[in-house]
Amino acid sequence: MKAKISGKTLELILGDITEQATDAIANAANSRLAGGGGVDGAIHRAAGPTLANECARIGGCPTGSAVATGAGNLKARYVFHAVGPIWRGGGQDEAKLLAGAYRKCLELAEEKSCKSIAFPSISTGVYAYPLEQAASVALGEVAEQLARSAGKLHRAVFVLFDGATLAAYETALRELARKRKDLQLD
Ligand code: APR
């Protein structure tokens, strides 16, 4: 599914983020940048050891933010290690922190003159953020930042790993298109 917002593209696809040729890919990391399972493990395996070395040099990242490294053997130029919140029931600023993680990735993309960026569904795996709510926060924030962007960034793609996640993001994107007059579904 594809949408246009302020001349930029917001896209949802089923796939493996490690295979994306966007300028940057976002990782769902932890605050120690220590590597892990899920998408984090897949990105580190595909990128090779330079990624862990760079992460160790940086040392950590607060929840709700992101840091940039190179991308080793990946096709992308950068990996933005974004730290989403662990779901603790919704009363611990989870939505604000999740939006912050996406926002920081988009700021890094602008800073590094990226034209395109790929995102996984941050926090909805091991961190157990409810999928429908996470999809709505993620798409709302990315659409808002794309609408505001005056830089080079013209495409953001969510690379979703299974059908249920894709379906939740498609529902959230349709809902967002009903709310935002500047967002048109293709
Ligand atoms: N491409 C795209 N998405 C993927 C891939 C992949 N190759 N592999 C897994 N995913 C999906 C999962 O199916 C899930 O929908 O990424 C989403 C996020 O799940 P997690 O990787 O578990 O991320 P998160 O919930 O943010 O938990 C982060 O897990 O691996 C650790 O170090 C990481 O501690 C951190 C925590």
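Atoms within each ligand, like the ligands themselves, are counted from 1 in listed order. As the structure is a computational prediction, the values presented were derived from the model and not from experiment.
- Neither the backbone nor the side chain of Leu160 has any atom closer than 4.0 Å to an atom of ligand 1 (non-hydrogen atoms only).
- Atom 30 (O) of ligand 1 has as its closest protein heavy atom Gly37 O, 2.8 Å.
- Ligand-side atoms of ligand 1 in range of Ala28: 23 (O), 26 (O), 28 (C), 33 (C), range being under 4.0 angstrom from any heavy atom.
- At under 3.5 Å, not a single nitrogen or oxygen of Ile122, backbone or side chain, sits near a nitrogen or oxygen of ligand 1.
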Audit row: Phe158, Val142, side-chain contact (heavy atoms from CB on, under 4.5 Å) steps and yes/no: CA-CA 10 Å; Phe158 281 83; Val142 172; 3.7 Å; yes

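- Between Glu175 and Arg178, at least one side-chain nitrogen of the basic residue sits less than 4.0 Å from a carboxylate oxygen of the acidic one, meeting the salt-bridge criterion.
- At most 12 non-hydrogen atoms from other residues, nucleotides or ligands lie less than 6.0 angstrom from NZ of Lys115.
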Side chain to side chain donor-acceptor pair (under 3.5 Å) between His81 and Thr69, worked out: CA-CA 8 Å; His81 304 266; Thr69 66; 2.9 Å; yes

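- Checked by atom type and distance alone, the side chain of Thr171 pairs as donor or acceptor with a backbone atom of Ala167 at under 3.5 Å.
- By the 4.0 Å heavy-atom criterion, Gly41 is excluded from the residues contacting ligand 1.
- Residue, atom and distance of the protein heavy atom nearest to atom 25 (O) of ligand 1 are Gly125 N, 2.8 Å.
- Checked by distance only, ligand 1 and Ser121 stay at 3.5 Å or farther apart across all their nitrogen or oxygen atoms.
- Protein heavy atom at the shortest distance from atom 22 (O) of ligand 1 is Val126 N, 2.8 Å.
- Protein heavy atom closest to atom 15 (O) of ligand 1, with residue, atom name and distance, is Thr124 OG1, 3.6 Å.
- Residue Val39 has at least one nitrogen or oxygen atom sitting less than 3.5 Å from a nitrogen or oxygen atom of ligand 1, judged on distance alone.
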Audit row: Leu131, Ser121, side-chain contact (heavy atoms from CB on, under 4.5 Å) steps and yes/no: CA-CA 9 Å; Leu131 188 52; Ser121 176; 4.2 Å; yes

Derivation of the salt bridge (charged side-chain N to carboxylate O under 4.0 Å, His left out) call for Arg88 and Glu94: CA-CA 8 Å; Arg88 293 195 167 92; Glu94 288 95 332; over 6 Å; no

Verdict with reasoning, Glu170 to Leu166, per side-chain contact (heavy atoms from CB on, under 4.5 Å): CA-CA 6 Å; Glu170 285 178 343; Leu166 177 64; 3.7 Å; yes

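- Given atom 33 (C) of ligand 1, the protein heavy atom at minimum distance is Asp40 OD2, 3.5 Å.
- Between the side chains of Asp162 and Thr165, at least one donor N or O lies within less than 3.5 Å of an accepting N or O.
- If you check which protein heavy atom lies closest to atom 12 (C) of ligand 1, you get Phe161 CB, 4.4 Å.
- Salt bridge annotation for Lys152-Glu110: absent, with no cationic side-chain nitrogen under 4.0 angstrom from a carboxylate oxygen.
- Of all the atoms in ligand 1, the ones that sit under 4.0 Å from a non-hydrogen atom of Gly35 are 32 (O).
- When the heavy-atom distances from atom 26 (O) of ligand 1 to Ala168, Gly36, Ser123 are ranked, the shortest goes to Ser123.
- Ion pairing between a basic and an acidic side chain is recognised when a charged N comes within 4.0 Å of a carboxylate O; Glu144 and Arg180 show such pairing.
- For Ala34, the heavy-atom gap to ligand 1 stays at 4.0 angstrom or more.
- Of all protein heavy atoms, the one lying nearest to atom 7 (N) of ligand 1 is Asp16 OD1, 2.9 Å.
- Ranking protein heavy atoms by distance to atom 35 (C) of ligand 1, first place goes to Tyr127 OH, 3.5 Å.
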